[in-house]
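The next block holds one structure in the form of structure tokens; read it before the comments.
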Protein chains: 2
Amino acid sequence: MNAVESREFREVCKRAGLAVTHQRQVLFEVLKNMHGHPSPEEVYARIKRRIPSISLATVYKNIHLFLESGIFREVSLHHGSLRVETNSKPHHHLVCTACKAIFDIDANELGLAEKTGTLPGGFLAQRYAVDVLGLCAACQQKTV
Amino acid sequence: MNAVESREFREVCKRAGLAVTHQRQVLFEVLKNMHGHPSPEEVYARIKRRIPSISLATVYKNIHLFLESGIFREVSLHHGSLRVETNSKPHHHLVCTACKAIFDIDANELGLAEKTGTLPGGFLAQRYAVDVLGLCAACQQKTV
DNA sequence: TATTAAACGATAATTATTATCGTTTGTCAA
DNA sequence: TTGACAAACGATAATAATTATCGTTTAATA
Ligand SMILES: [Mn+2]
Ligand SMILES: [Mn+2]
Ligand SMILES: [Zn+2]
Ligand SMILES: [Zn+2]
């Protein structure tokens with residue numbers, strides 16, 4: 001952590017109303033330097049190399065604080081547990097980032113063209129997330 | 001369950017290589033008649049009204065069998081546990097339905113126009129799922 | 001109708017996450 | 001600088017969701 005990064009982190013904490021702790025700073029740096037979509041356990045394993053005494057609970061708590069402050073983002077905004085789709089017609093979803101409610105919306109009704117604004121049911125659209133579902137290269141091999 | 005529905009269910013099971021059991025049939029009917037995106041617990045509560053002795057484990061096992069057979073679909077194909085996004089640039093995702101691997105893809109690189117076929121990294125696209133992220137009507141009220 | 005594999009119910013085990021609580025640390029005003 | 005106090009920490013218990021185990025029951029089919 002050089003002086004510039006350190007000052008930047010202090011400002012980030014100030015904005016978020018968070019104390020500048022050693023654990024928090026190292027977690028911030030570790031996350032900045034990881035790539036992909038790590039799980040809390042993976043982050044914990046990495047940060048333990050720099051702070052062996054850190055607790056997994058601290059990692060969870062600080063990740064959540066970073067998410068709430070918008071310092072980092074969560075990969076999926078869906079429910080974290082199993083839900084069954086009862087609508088067999090092809091459709092997309094309106095996902096509320098506050099309460100995680102999910103509403104169906106037809107593909108045509110959606111009109112992908114950046115129609116940010118009011119949608120059916122008074123839903124306020126803020127951004128789109130597209131998942132391309134399919135098979136990765138490795139899994140295509142396995143199927144053969 | 002009328003005769004037509006019963007015969008239809010038998011064929012569904014035959015195709016999937018599943019035995020036709022009472023519990024399985026009632027679960028199938030219950031799911032067909034639910035709407036939205038119920039959790040296994042919600043399905044369990046509903047089916048218990050018709051088979052009070054049914055086990056939650058049976059509900060879970062049969063939901064999974066239905067999902068594997070493609071009889072029903074899961075709402076989210078993401079990891080069911082927390083993942084941190086380390087890529088701060090706006091982007092979308094390639095999601096492997098077999099191993100749940102997630103790869104980043106830029107919005108422009110995506111070219112939403114039904115480009116089903118080979119994508120970066122040899123990913124085989126099969127369908128698109130769009131999440132419109134935002135605030136539902138109820139949550140907009142709360143913020144005011 | 002007898003054989004046998006599949007499915008069932010009860011429940012223990014596991015995984016991911018959150019809550020609790022006593023101790024330590026950072027903030028800020030004096 | 002320092003002392004008071006709130007915030008954060010580490011250890012670990014508790015909870016929620018899901019899966020595994022296992023003895024008993026049931027469906028498929030010959
Ligand atoms: Mn849906
Ligand atoms: Mn990503
Ligand atoms: Zn909401
Ligand atoms: Zn894969």
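Given the structure is predicted, the values throughout are model-derived calculations rather than measurements. In what follows, chains carry the letters A, B, and so on, assigned in the order in which the sequence lines appear, proteins first and then strands, with residues in each chain numbered from 1.
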Answer with yes or no whether the side chains of His37(A) and Asp104(B) bring together a donor and an acceptor at under 3.5 Å. yes

For His79(B), ring-ring contact (aromatic ring centres under 6.0 Å, His included) partners two or more places apart: none

I need the CD-C1' distance between Glu74(A) and dA16(C), as an integer number of Å. 13 Å

Within 6.0 Å of NZ in Lys100(A), more than 12 heavy atoms from elsewhere: yes

Flag side-chain contact, heavy atom, 4.5 Å: Leu133(B) against Gln126(A): no

Can you tell me the distance, in whole Å, between the CD1 atom of Ile51(B) and the C1' atom of dG9(C)? 12 Å

Value in whole Å for how far the P atom of dA16(C) lies from CD of Glu42(A): 10 Å

dT25(C), OP1 or OP2 - any side-chain N/O from Arg24(A) closer than 4.0 Å? no

From CD1 of Ile54(B) across to P of dA7(C) the rounded distance in Å is 14 Å

Do Val75(B) and Leu82(A) sit in the same hydrophobic cluster, where Ile, Leu, Val, Met, Phe, Trp and Tyr count as joined when their side-chain heavy atoms come under 4.5 Å apart? no

Flag the pair Lys32(A) and Glu5(A) as a salt bridge only when some basic side-chain nitrogen lies within less than 4.0 angstrom of an acidic carboxylate oxygen. no

Under the ring-ring contact (aromatic ring centres under 6.0 Å, His included) test, which residues partner Phe28(B), sequence neighbours left out? Phe9(B)

Closest approach to the side chain of Ser53(A), judged atom by atom: which nucleotide of dC9(D), dG9(C), dG10(D) is it? dG10(D)

Donor-acceptor contacts, no H, no angles, side chain residues 40-47 of chain A, under 3.5 Å, sequence neighbours left out:
| residue | atom | partner | partner atom | Å |
| --- | --- | --- | --- | --- |
| Glu42(A) | OE1 | Ser39(A) | N | 2.8 |
| Glu42(A) | OE1 | Ser39(A) | OG | 3.4 |
| Tyr44(A) | OH | Lys48(A) | NZ | 3.2 |

For the helix from dT1(C)-dA30(D) to dA30(C)-dT1(D), figure out the bend between the end axes, five pairs an end, and round to 10 degrees. 40°

Nearest-angstrom distance from the residue atom CD of Glu68(A) to P of dA8(D): 11 Å

Among all residues two or more places apart in sequence or in another chain, which pass the ring-ring contact (aromatic ring centres under 6.0 Å, His included) test with His91(B)? His93(B)

Length of the line joining Leu65(B):CG and dA6(C):P, which is rounded to integer Å: 12 Å

Distance check: side-chain N/O of Ser55(A) vs OP1/OP2 of dA11(D), anything under 4.0 Å? no

Separation of dA16(C) atom C1' from Tyr44(A) atom OH, nearest Å, is 14 Å

What string of B, S and - do you get for nucleotides 14-30 of chain D 5' to 3' if you count protein non-hydrogen atoms under 4.0 Å? ---SSBB------SS--

